[in-house]
Structures are given as C-alpha cells and as structure tokens.
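Please read the structure below before turning to the comments.
This structure is a prediction, so every number in the text was calculated from the model and none was measured.
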Amino acid sequence: MSDRKNSSIFVTGQPDQSEQSDRADNQRNTRQSGPRRDRQSPAEKKPRRVTRDYLMNYATWYLERFTASRARLEKLMRGKIRLSVAHYDTDPQEAEDWMKSVLNACEKAGLLNDQAYALGRARSMLRKGKAIRVIGADLNARGIASNMVDQTITDLRDEADDAARTDMRGTDPNLAAAAAYARRRRLGPFRSPDQRDEKHDKDLAALARQGFSYDIATRIIDADRNELENLLQIIDGL
C-alpha cells in the first residue's frame, strides 16, 4: 500500500462510472430479483472503454483516496488501457497520449508530486524503524527516479538532524530507526530484564533482517533503555 489521504477532488465534467460505480452496480444487481444464473459474475464483466475523460476521472478518483507516485498511477492506467485495446480495439497510441496528458494534468494540479510522496513515505518508514537502505530500495521499487531517491534520503537525514537534540546532532538516523524498531517490537532493552540474555541473539537477527548492520544492531540491543531516550526523540520529532 498505499497510504490513505484526504484531498480535494480535481474534476472534469460529471463523475464517470469507475470502480466506485462498479460496486454500486453489483449491489443493485444483487437486490434485483431473477434467476441467479442471469446475474453476471465479476469475472464476466466487460472492462471499461478507455477515453481521456475516463482516465482523468479514474486518476482523480484514485488520488482522492490514496497517495501514489506517478509511476504507480501510470501502471494502473496502463492496465486499463490494455483491457480496452483488447476488448474495444482502442488505439493504443491515442490511449498513451491520453494517459500522459492526464498524468501531466494531475501533476500540474498538485495531485501528483513524486518528491512530496517520496519524502512522506521515507519519513513514515523511518518512524517505523526501517533502515535507510531499505527506504531507498522501497522508493526505487515504487518508480521514484534514482536522483530523487538520493535527494529524499539527503532531506531525510537533514530532517533527522534537525529533530535531534544539540548533543545528538550528526547522529546516524539508522541508529534512531533501529531504536524505534526495537521499541516497537520490544527487543533488547525493551524486553523484561529476565528475557534479555535469552533473546539476545534472536533480537540481533531481527534487526539484521530489517537491513541494519551488525554494529548498529549490537549497539541498540546491548544499550540501556535510558540511553535510547534521546535517540528516540530524533524519530519522534519527525
């Protein structure tokens, strides 16, 4: 997923019949009387014929409910275009032009903003205790350009530094993220004292699976809980 959000809808003309109307149609069909065999199953439903208006309405419907990168929205629309080409002989080049026009319009309207999306997702992942390299890989997988991923990581490090107390400035945000993950999963110093020694290696492995180095994992798991409070303020301040 994707993260939910609320935003004002960007509308061109009347709302079209998108996935939302599909669900409404299904509900109406369910209420109608008649033999069960006459009802169309979801697998038998024909796809929508793609037009520029349809793509615009679909894009705004989706972006009203979810944050997304340009690449993510493009992937979704390409799926609809493929079905329309197969069922209605839609001109693929014309559909491609419509899609690009819609994506550009959404960016111009502020509904699509890859830089803001990337930084917002990076902040969220760091707060959940994800390592910086894991965050970078996640953004790349979501279609964010490499140069924008690099800038996002730089911005994230700067924000973490600003959130730190004076004596914690310059601290690797990976340390803070590892501490946040340990707190969330109750590892190491967040376990009850009688379990720490028994679970020590297991807790190190848990941090390693999240992408943290052995050095960082050891520093967090072997730390005193009070020693991590200032470190956690970096995460809590984002």
Side-chain angles (χ1 to χ4, degrees), residues 1-29 40-125 128 130 133-153 155-156:
M1 174 104 157
S2 325
D3 299 320
R4 290 189 174 271
K5 71 169 186 176
N6 292 320
S7 66
S8 57
I9 189 166
F10 180 68
V11 181
T12 56
Q14 296 296 320
D16 82 326
Q17 296 184 4
S18 58
E19 281 87 346
Q20 198 170 29
S21 63
D22 288 344
R23 288 196 295 269
D25 289 343
N26 286 341
Q27 291 171 354
R28 284 194 294 271
N29 290 337
Q40 196 175 33
S41 70
E44 295 170 336
K45 288 179 64 176
K46 288 186 178 180
R48 300 283 178 173
R49 184 189 296 271
V50 164
T51 64
R52 186 188 184 281
D53 284 346
Y54 171 76
L55 291 175
M56 177 61 79
N57 281 314
Y58 173 75
T60 53
W61 174 85
Y62 187 86
L63 293 172
E64 186 188 32
R65 290 157 178 79
F66 307 100
T67 55
S69 64
R70 178 178 173 121
R72 169 62 177 165
L73 184 59
E74 180 176 330
K75 180 179 180 180
L76 292 171
M77 289 198 289
R78 283 191 184 281
K80 295 185 176 300
I81 289 171
R82 282 196 299 271
L83 291 174
S84 186
V85 169
H87 284 78
Y88 304 107
D89 291 327
T90 302
D91 185 327
Q93 185 56 57
E94 187 175 33
E96 177 88 5
D97 293 341
W98 291 336
M99 180 187 70
K100 290 179 179 177
S101 173
V102 167
L103 289 169
N104 291 338
C106 288
E107 283 186 333
K108 187 174 181 180
L111 296 178
L112 273 179
N113 185 327
D114 275 5
Q115 190 143 15
Y117 169 80
L119 185 56
R121 182 164 180 82
R123 286 190 195 117
S124 176
M125 292 184 72
K128 291 177 180 177
K130 300 297 183 182
R133 69 184 182 90
V134 172
I135 294 173
D138 176 86
L139 295 178
N140 271 315
R142 291 173 181 275
I144 303 299
S146 294
N147 64 324
M148 193 174 291
V149 172
D150 292 341
Q151 184 59 52
T152 298
I153 297 304
D155 292 344
L156 187 64

Heavy-atom check, side chain of [X] versus side chain of [Y], under 4.5 Å:
X      : Y      : value
Leu103 : Met77  : yes
Leu83  : Lys80  : no
Lys130 : Asp138 : no
Leu63  : Leu112 : yes
Arg72  : Tyr117 : no

### Task
Dump the intermediate steps for side-chain contact (heavy atoms from CB on, under 4.5 Å) on Arg121 and Ile144, then the final yes or no.
CA-CA 11 Å; Arg121 182 164 180 82; Ile144 303 299; over 6 Å; no
[atom1]-[atom2] distance between [X] and [Y], expressed to the nearest 0.5 angstrom:
X      : Y      : atom1 : atom2 : result
Asn140 : Asp150 : CG    : CG    : 8.0 Å
Arg52  : Asn57  : CZ    : CG    : 10.0 Å
Ile81  : Leu76  : CD1   : CG    : 11.0 Å
Ile153 : Arg133 : CD1   : CZ    : 12.5 Å
Thr67  : Leu111 : OG1   : CG    : 12.0 Å

### Pairs touching residues 91-101 that satisfy salt bridge (charged side-chain N to carboxylate O under 4.0 Å, His left out), sequence neighbours left out
Arg78-Glu96, Glu96-Lys100
Would you say [X]'s side chain and [Y]'s backbone share a donor-acceptor pair under 3.5 angstrom?
X      : Y      : value
Thr152 : Ala118 : no
Ser69  : Arg142 : yes
Asp114 : Arg70  : yes
Tyr88  : Arg48  : no

### Task
Can you sort out the partners of Thr51 under side chain to side chain contact (heavy atoms under 4.5 Å, CB included), two or more places apart, ordered by chain and number?
Asp53, Tyr54
### Task
Just do the side-chain contact (heavy atoms from CB on, under 4.5 Å) check on Asn104 and Glu107 with the steps written out, would you?
CA-CA 5 Å; Asn104 291 338; Glu107 283 186 333; 4.1 Å; yes
### Task
Heavy atoms only: give me the nearest Cys106-Ala59 pair and the separation to one decimal.
SG-CB, 4.0 Å
### Task
Check Thr90 against Ser84 and note the closest heavy-atom contact, atom names and distance.
OG1-OG, 2.6 Å
### Task
For the residue pair Gln151 and Asn147, confirm or rule out a side-chain donor-acceptor distance under 3.5 Å.
no
